[in-house]
Amino acid sequence: MNRSSYTVTRGVERAPNRSLLYACGLTPEELDRPLIGVISAYSEIIPGHIHLDKIAEAAKAGVRMAGGTPVMMPAIGVCDGIAMGHTGMKYSLPSRELICDSVETLAVSHCLDGLVLVPNCDKIVPGMLMAAARVNIPAIVVSGGPMLAGRHRNREISLSQIFEAVGSYKAGLIDDKELAEYEQDCCPGCGSCAGMYTANSMNCLSEAIGMALPGNGTIPAVYSRRIHLAKRAGMQIMELVRNTICPRDILTPQAFANALAVDMALGCSTNSVLHLLAIANEAGVPMNLDIINQISARTPNLCHLAPAGQEHHIEDLDSAGGVPAVMAELAKEGLLDTSLLTVTGKTVAENLASVQNRDPEVIRPISNPYSKTGGIAVLWGNIAREGCVVKRSAVDEKMLRHEGPARVFDGEEAAISAIYAGEIRPGDVVVIRYEGPKGGPGMREMLNPTSALAGMQLDKEVALITDGRFSGASRGASIGHVCPEAAAGGEIGLLRDGDIIEIDIPAGKLNVRLSDEELAKRREGFRPSPPPITSSWLKRYAALVSSASQGAVLKAP
């Protein structure tokens, strides 16, 4: 079998290349084996990544056991929770593109035969999957796993509770002592934060789409099973290399449909829409918001994990049978294509052969779903002509249909100041604009505003819409990704205080009660505000980024 690594390890002409590999401590025997890049996003600033050195070492052990030569290489990452609520969040979504580009650079420059991708948090997982699809050499994902839930006064909690606690504190509902307790209790150790937030959503979907071994999305970070999983991933990459099974053999249109079905059943973060669109783009698979809504319309929602529900966290999903158990429920009604190949080397059907749902309270049976439609809904209307997205499963029943006066803010800071000052009233629709991919730039997450409203007990009475994003930790009628964004001339930029906004999530509608003539009149002389950019990197990003409805990917030159 001809290997990519032979380019740098074979032949007289490659003596200089080999000399540099020997300088790294590799032996001739190791250079005679497949060269496997273990791309680790280990760092000491992200709780989900502080243990990835151990996961990477376990993966390397697996590669060696199966006859390969592992070489560890780095990847960057941003902790969205630490970046939240300030300028740092502008870099979060753009970092996905840097991660993808850097993995491509490492893989191609060094002629690797295969990749073990070791991410864990929000943009790192999709960034690595995008790169796998782009370079299309054998690859497997093994994440660091979820954090265990924290405990506050005998109640399980996770990251969303501390953000909401700030709102409760501002509203005088808790005191300094209890706020400090939340701060200390919500994140007990390493791992991706314990709810069905973006990181865990993407780690679960890595399984569903066939690029990770069963258990990748749910085995807690601190369990020995996580180390076992990493070793098996290292061994399995060697099987993929030997059989020349590449990402695009797995990332087919049907695999994306499977991932979307699992997305809807789990009630994943709305960010999963952005990321699946971006991965599909790299894989050359056509996908758009219409396809997502079609799958949502036929797929029941089976799980209410935090923040949609407060009782269950990812560790509970793991105990119930994990992603395979969810997939097995969907397969009962023919909602998955079970003939597809996965990185196990087996089909979806073979992977699910002995799977059982061990806890119908955590994973509802397909015959008794939370709702007959999926956890995510796409809405359209005269202020979202290209669509927008809401985590339907995290919206209170009485807010599924709502109309109220707009409270319009240019940027997150102005909105959060008004919320903390008690200026938002029940029934209001908070509009935050100029936070899209181009206008932010970087499409910041609006977790502070949504959490403040929840902490002030307004999440069942106030809606929030934005051309930015929402964290997977957000709950309530939080409608994001409004396209076209304000900076691109979208109608959200024409809204004024007092305009009546009509939200109908079951019907897939988001409109402002204004005539076409009035909107056209307002457009006369309208000039979008320029992005507030000081960084040259963000200037490049703003100039090249596409609409959120296309995954906020960088446009090809």
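Any value given below was found using the heavy atoms of this structure, including those in side chains, with hydrogens, waters and symmetry copies removed. Residues take their numbers from the sequence shown, with the count starting at 1.
- Checked by atom type, the side-chain pair H51/R226 shows no donor-acceptor distance below 3.5 Å.
- Distance CZ/F470 to CE/M443: 9.5 Å, rounded to 0.5 Å.
- A donor-acceptor contact closer than 3.5 angstrom is absent between the side chains of S168 and Y182.
- At distances below 3.5 Å, not a single donor-acceptor pair connects side-chain atoms of S92 with backbone N or O atoms of M89.
- There is a side-chain donor-acceptor pair under 3.5 Å between D176 and Y169.
- Environment of CD1 in I45: sparse, with no more than 12 heavy atoms of neighbouring residues, nucleotides or ligands closer than 6.0 Å.
- Using a 3.5 Å distance cut-off with no hydrogens or angles, the side chains of E178 and H152 do pair a donor with an acceptor.
- The shortest non-hydrogen separation linking I39 to P74 is CG2-O, 4.2 Å.
- The heavy-atom pair separating S393 from A308 by the smallest distance is O-CB, 3.6 Å.
- A donor-acceptor pair is defined here as one N or O able to donate and one able to accept, closer than 3.5 Å; no such pair exists between the side chain of N200 and the backbone of T218.
- Side chain of N203 to main chain of S143: no donor-acceptor pair is present (N/O by atom type, distance under 3.5 Å, no hydrogens or angles).
- With rounding to the nearest 0.5 angstrom, the CD1 atom of I124 is 8.0 Å from the CD1 atom of I76.
- Ionic pairing of E412 and K90 is not present here: no N-O contact between side-chain nitrogen and carboxylate oxygen is shorter than 4.0 angstrom.
- Checked for salt-bridge contact, R134 and D101 meet the test: a charged N lies under 4.0 Å from a carboxylate O.
- With hydrogens and angles disregarded, a donor-acceptor distance shorter than 3.5 Å links the side chain of H49 to the backbone of A41.
- In this structure, R33 does not pair ionically with E29, as no charged nitrogen and carboxylate oxygen lie closer than 4.0 Å.
- In this model, no donor atom of one side chain and acceptor atom of the other lie less than 3.5 Å apart for D185 and Q161.
- Between atom CD1 of residue I376 and atom CE of residue M264 there is a gap of 5.0 Å, rounded to the nearest 0.5 Å.
- With hydrogens and angles disregarded, a donor-acceptor distance shorter than 3.5 Å links the side chain of H86 to the backbone of A83.
- Atom CG of L260 is separated from atom CG of L205 by 8.0 Å, given to the nearest 0.5 angstrom.
- Heavy-atom minimum distance, L305 versus I314: CD1-CD1, 4.1 Å.
- Between the side chain of K123 and the main chain of S95, no donor-acceptor pair closer than 3.5 Å is present.
- With hydrogens and angles disregarded, no donor-acceptor distance shorter than 3.5 Å links the side chain of D122 to the backbone of T198.
- Atom CD of E311 is surrounded by 12 or fewer heavy atoms from other residues, nucleotides or ligands within 6.0 Å.
- There is a side-chain donor-acceptor pair under 3.5 Å between T342 and N351.
- Side chains of T270 and K391: a donor-acceptor N/O pair is absent below 3.5 angstrom, by distance only.
- The backbone N or O of E239 sits less than 3.5 Å from a side-chain atom of N243, completing a donor-acceptor pair.
- In terms of heavy-atom proximity, A139 sits nearest to P247 at CB-CG, 4.0 Å.
- A side-chain N or O of S160 and one of Y197 form a donor-acceptor pair less than 3.5 Å apart.
- Counted by atom type alone, N357 and E329 present one or more donor-acceptor pairs between their side chains at under 3.5 Å.
- The two residues L554 and Y541 come nearest to each other via the heavy atoms CD2-CD1, 3.6 Å.
- If you check the side chains of S206 and N216, you find no donor sitting under 3.5 Å from an acceptor.
- One N or O on the side chain of R96 and one on the backbone of A552 form a donor-acceptor pair closer than 3.5 Å.
- When all heavy atoms of R358 and S319 are compared, the closest pair comes out as NE-O, 3.0 Å.
- Under 3.5 Å, the side chains of D113 and S4 contain no donor-acceptor pair of N or O atoms.
- Proximity of a side-chain donor or acceptor of Q236 to a complementary backbone N or O of V343 within less than 3.5 Å is detected.
- At a threshold of 4.0 Å, the pair E57-K60 counts as salt-bridged, since one of the basic side-chain nitrogens sits closer than that to a carboxylate oxygen.
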